[in-house]
Every structure is written in C-alpha cells, then in structure tokens.
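Take a look at the structure set out below.
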There are 2 protein chains.
Amino acid sequence: MTGWQDIEAEALRRIHARAWPPGSTIPHEADLAKEFGVARATVNRALQALADAGWLDRRRKAGTRVALHPVRKATFSIPILRAEIEGADSVYGYRLLGRTLEEAPAPIAARLGVAGALLHVTALHLADGRPYAHEDRWVNVAAVPGIMAVDLAVASANEWLVTHAPFVRGDYAIGAAAADDAMAGVMGAAIGAALVTVERTTWDDTAGITAVRITFREGHWVRTVI
Amino acid sequence: MTGWQDIEAEALRRIHARAWPPGSTIPHEADLAKEFGVARATVNRALQALADAGWLDRRRKAGTRVALHPVRKATFSIPILRAEIEGADSVYGYRLLGRTLEEAPAPIAARLGVAGALLHVTALHLADGRPYAHEDRWVNVAAVPGIMAVDLAVASANEWLVTHAPFVRGDYAIGAAAADDAMAGVMGAAIGAALVTVERTTWDDTAGITAVRITFREGHWVRTVI
DNA sequence: TAGTGGTCTAGACCACCAA
DNA sequence: TGGTGGTCTAGACCACTAC
C-alpha cells in the first residue's frame, strides 16, 4: 500500500533526518521508483508536492536538490469578516458608516487605473457588539455596475463583492498604522494605538475593481500555520 | 498541443466569464476529457490545480463545484532578511545586540513546550546602514546544540537556524505594536510609532526549536500577490 | 548532446459519500 | 450502492539545460 503521500512523507523524513542534507542532490526519480517499487509518475507526484512546499528545488538535467532555505511560504486565508467573527463563536454585526459617489484620491485612482467618480463605502464590522474591523473601500462602479442597486446597509460590500465580482489578480499588504482621532473614535481605541491594517486591491482582466483598507481592532493578529 | 495548463486556463476563463457560475456543478472529468480530447488524468491535473488555488470545490460523488468564495488564500514568502534587503538593492548589515543564556518568560517557555534556560538573542538588521528590523529570539539549545558554538556576531541566528535547524511545523502571526522607549531608540523611530511585528514559532517532531519576534521599521508592509 | 524532470495516455482499481 | 474524484501503472515522448 504505497501511495504518493507515503513517498512524500518518507522523503520529508529523510530531509528532516539529514539523510538528504540541505543542498545535496537526491536520487533520480527512476532510482526512487525502483527503490519504493512504484511507477516513476508516483515518485514524480510526491517530489513535486515537496517542491511546491519549498522543500526541494527541481531542475531538468540538474536533478533534484534539497532546498537550502526550506519552507519559504506561509499561506493566509483571506477571510470574509463575517466568517472570521462567527468562526470565533462571536456574534457578527455590521454598520454602514458612509456611502458616497465621489472622486477618488489620486493614489487610489492610480492603483485602480480608473478616472472619475468611484463608490466610496465605509463600514464597521462588529464582534459581540464591539468594533472588530473598519472597512474603507473604493469600488469602480463601471466594472461592477450591479453594486449601485445593492443596499449596503444590510449586505456588506465585503461579502457582496466576494460573491459577485469576478477578479483575476490582486495584491495584498499588511501593515501597521497609529489610530488617528477619527479611527480611535470609531474603533473605541486610544488615539495613537497601533492597529493592524490590511490593504487589498483587485483587478479584472481589464480594469481595477476595488481597493480596500481594513483596519483591525487593537491586539489583532493575522495568523497562519506553516 | 493541449497540456493541463491550457485546460486550467480555459476552465478559469469559464469561471471568470460566468459560464460556470459560483456554486454551480461543472461537467465530470470524463466529459471534459472527451470535450478537450485528452486523457482524464490530464483534466484531473488541471482541476486539481484550480482546487488547490481555491477556485473549485471537489468532492467524490458530489462532483466539482465552482467555489462560492473564490481565492481565499494569499501566500507570503517568509523572508530571510538578508535576501529581502539585498533584493531591494540595499546593502545588508547586521549587528548583534545581546546573547545570553537565561530563563525564558513563561509565555515563551509555554509556546516552545520547554523548561529551563534558553538562548536569548537580540539583533538588528540594517538596510543601507539604517535599522530595518529588530530580531528578538529564543532558541531551545537542547534541540539545536550546535548553535552554542556559532559566533552570532557574524552569522545571524536567523540564517544559521534556517539552514541548520530542521523544522516540521510552525505558526506565523503578523501584528502591530507601538514602539516603546527601548524599541524606538534601537530602531530610530518615534516613541509610540506603529510598527509591524511578525511572530514565528517553529517545532521539531518532539520539541519547540525557536520563537522569534521581528519588529520592522516604521512604514514597512508585508506584501504579496494573489 | 545527453541526462533529467515534465507531461501525456489508456486503462484500471479504489475510496468516499450523497442519495 | 452507484457515481465521482483520487490514484496508480507502464510506457512514451518532450523540454529544458548542464556539460
């Protein structure tokens, strides 16, 4: 009963045990296939999984080497805030703060690659009635006309866009910002408190769709497991 | 010339074009194989890649559905600070601030699951001579005895551990912290400045290896592309 | 140019799980 | 319990690249 995951596990064991030390070349697929008594495709599947995870570097002709800097990647799930809050056994709440059609600041317009008026939405996401995250979003209504008809007081732009706006690529950045007077007031934090900020911009094939900045309450951590 | 990546691209196109709307069931592998004129394994490879990326949900018997919340994952590379700095065309610098064998605070000891004295290393990473990141690290010397013989004034614990300490799993969290007096002084930031903080703990099969907190200079963003 | 990983095929059997 | 995805096989050819 030898599947590709068994071979992956055994290979990982050898890497951890330093039987295959960092930087060394491991046996060819054909040799490993013979050793484990499986087809080469099965070995290939296992080694490819390890390469995807960053444990191995594979190159044609050069062979497969154990990566010098193993595990270079951490994957974060991009949460729907409602799911994140409810997943923590809290009661989700939502409050629309503002919704206007206005000219975007130059940096936002440039990031989205559009000119003219954009939909500007600000909202608050609550956990157990207390501020959890503040959302400041610009939406390119030309790319997502349907949003103009949505009552954002009941459905958050966050959720509506995720399910209705297709997007092809995006960028994502996590930073820190000190709470200014307005943010401190809205979030119930002290002025100057260090808050985690997530900025995300998404594009369609042709144009920018939305640029959003989410500011989390004090003490929030964006977590993952490697 | 139809490879699995061509099929992946075509499937993604249909998802974006709403030919396969969110939540709908797409044709079976066998049908798609016939349509594209390839073997079922080739279709399987393509759809599996899309499922890994979060575009599809696949379940035996139930079939393959377009995910309701596409693209849920963002992958960050875990930087070796030297590589990150040099990759930005800056000159990397390193300064060891402290190296002591001491009892760890309870939270650190608990996270690593060890008791007794740990190696406590603090250091500064510089870009073009200016503070870039502050590293505050605890190392379980029982798990990595070799580190006691390393001159950490020349080789950063960051790099040495990456290449010498095998690890099986870890967690990773990004947060924000206000600079206290000491941190502000070391980093050349204002007291109270909001700084991005990354905490990472790694474990072996049996025990914790290291817990580290890296605090970046003001204005730093942890970025990725989706 | 030769060696290595990348991929495809046609067929087969299996594991899971919705109905 | 049957349909669907998950995986394996044996063989083949191809693409890349170190030498």
Side-chain angles (χ1 to χ4, degrees), chain A residues 1-15 19-73, chain B residues 1-15 19-73:
Chain A
M1 173 119 196
T2 308
W4 68 267
Q5 305 198 41
D6 298 305
I7 293 173
E8 180 190 23
E10 169 61 15
L12 199 50
R13 195 194 61 74
R14 292 183 185 183
I15 293 170
W20 292 344
S24 65
T25 301
I26 74 172
H28 312 152
E29 290 187 351
D31 290 348
L32 291 172
K34 194 180 301 179
E35 177 191 341
F36 292 120
V38 299
R40 182 167 79 91
T42 305
V43 173
N44 181 281
R45 184 87 160 84
L47 297 188
Q48 228 164 51
L50 290 173
D52 282 344
W55 292 106
L56 298 175
D57 286 330
R58 319 195 73 199
R59 270 164 29 205
R60 288 158 148 129
K61 169 69 177 180
T64 299
R65 291 170 170 276
V66 179
L68 284 173
H69 304 307
V71 182
R72 304 165 305 214
K73 297 186 292 185
Chain B
M1 172 121 199
T2 308
W4 69 267
Q5 304 198 39
D6 297 305
I7 293 173
E8 179 190 25
E10 170 60 15
L12 199 50
R13 194 194 63 74
R14 292 183 186 183
I15 294 171
W20 292 345
S24 66
T25 300
I26 75 171
H28 312 151
E29 291 187 349
D31 291 347
L32 290 172
K34 195 180 300 178
E35 177 191 341
F36 292 120
V38 300
R40 183 168 78 92
T42 305
V43 173
N44 181 280
R45 184 84 160 84
L47 297 188
Q48 228 164 53
L50 289 173
D52 282 344
W55 292 104
L56 298 175
D57 286 330
R58 318 195 74 200
R59 276 180 2 218
R60 286 159 151 133
K61 168 71 177 177
T64 299
R65 291 170 170 276
V66 179
L68 283 174
H69 304 307
V71 182
R72 304 164 307 214
K73 297 185 293 186

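Labels below follow one simple rule: chain letters A, B, ... track the order of the sequence lines, proteins then strands, and each chain is numbered from 1. Side chains are part of it too, since the values below use all heavy atoms of this structure and drop only hydrogens, waters and symmetry mates.
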Practice item. Of all the heavy-atom pairs spanning Leu56(A) and Val66(A), show the shortest one and how long it is. Key: CD2-CA, 3.9 Å
**Study point:** Separation of dT4(D) C1' from Leu47(B) CG (nearest whole Å)
**Key:** 12 Å
Practice item. Give a yes or no on whether Arg14(B) atom CZ has more than 12 heavy-atom contacts from other residues, nucleotides or ligands under 6.0 Å away. Key: yes
Study note, to complete from the structure: The dot-bracket string of DNA chain D, counting Watson-Crick and G-U wobble pairs with both distances under 3.5 Å, using [ ] for crossing pairs and | for pairs to another strand, is ||||||||||||||||||.
Exercise for review: Mind calculating the distance between CD (Gln48(A)) and C1' (dT7(D)) to the nearest angstrom?
Suggested key: 15 Å
Practice item. Enter the distance from Thr42(A):OG1 to Gln5(A):CD here, rounded to the nearest 0.5 Å. Key: 12.0 Å
Check your understanding: Which nucleotide sits closest to the side chain of Arg60(A): dA18(D), dA18(C), dG6(C)?
Key -> dG6(C)
Study note, to complete from the structure: note: Trp4(A), atom CH2; dC8(D), atom C1'; distance rounded to Å ~ 13 Å
Practice item. Specify the separation, in whole Å, of atom CZ of Arg65(B) and atom C1' of dG3(D). Key: 15 Å
Study note, to complete from the structure: Looking only at dT9(D), dG5(D), dG6(C), the nucleotide nearest the Thr42(A) side chain is dT9(D)
Exercise for review: Enter the distance from Thr2(B):OG1 to Phe36(B):CZ here, rounded to the nearest 0.5 Å.
Suggested key: 8.5 Å
**Study point:** Side-chain heavy atoms of Glu29(B) within contact of Arg58(B), under 4.5 Å
**Key:** yes
Point to revise | Audit row: Thr64(B), Asp57(B), side-chain contact (heavy atoms from CB on, under 4.5 Å) steps and yes/no | key: CA-CA 6 Å; Thr64(B) 299; Asp57(B) 286 330; over 6 Å; no
Revision key, fill the gap. In whole angstroms, the gap separating C1' of dC8(C) from CG of Asp6(B) amounts to 12 Å
Exercise for review: Would you mind reading off the distance between Arg58(B) atom CZ and dC17(C) atom P, rounded to a whole angstrom?
Suggested key: 15 Å
Review point. What parts of residues 28-40 of chain A reach DNA chain C, counting only heavy atoms under 4.0 Å away?
Key: His28(A), Glu29(A), Arg40(A)
Review point. Within less than 4.0 Å of OP1 or OP2 of dT7(C), is there a side-chain N or O belonging to Gln5(B)?
Key: yes
Practice item. Check whether any side-chain heavy atom of Ile26(B) lies under 4.5 Å from a side-chain heavy atom of Leu47(B), and answer yes or no. Key: yes
Point to revise | Pairwise 5' ranking along DNA chain C for Ala41(B) and Thr64(A), keeping only the more 5' one | key: Thr64(A)
Review point. Taking only N and O in the side chain of Asn44(A), is any of them less than 4.0 Å away from OP1 or OP2 of dG6(C)?
Key: yes
**Study point:** Value rounded to 0.5 Å, distance of CZ in Arg45(B) from CD in Gln48(A)
**Key:** 4.5 Å
Check your understanding: If only side-chain N and O atoms of Arg59(A) are considered, is one of them under 4.0 Å from the OP1 or OP2 phosphate oxygen of dA18(D)?
Key -> yes
**Study point:** N or O in side chain of Arg45(B) less than 4.0 angstrom from dT7(C) OP1/OP2
**Key:** yes
Check your understanding: Applying the side chain to side chain contact (heavy atoms under 4.5 Å, CB included) test to Leu32(B), which of Ile7(B), Asn44(B), Val38(B), Val43(B) qualifies?
Key -> Val43(B)
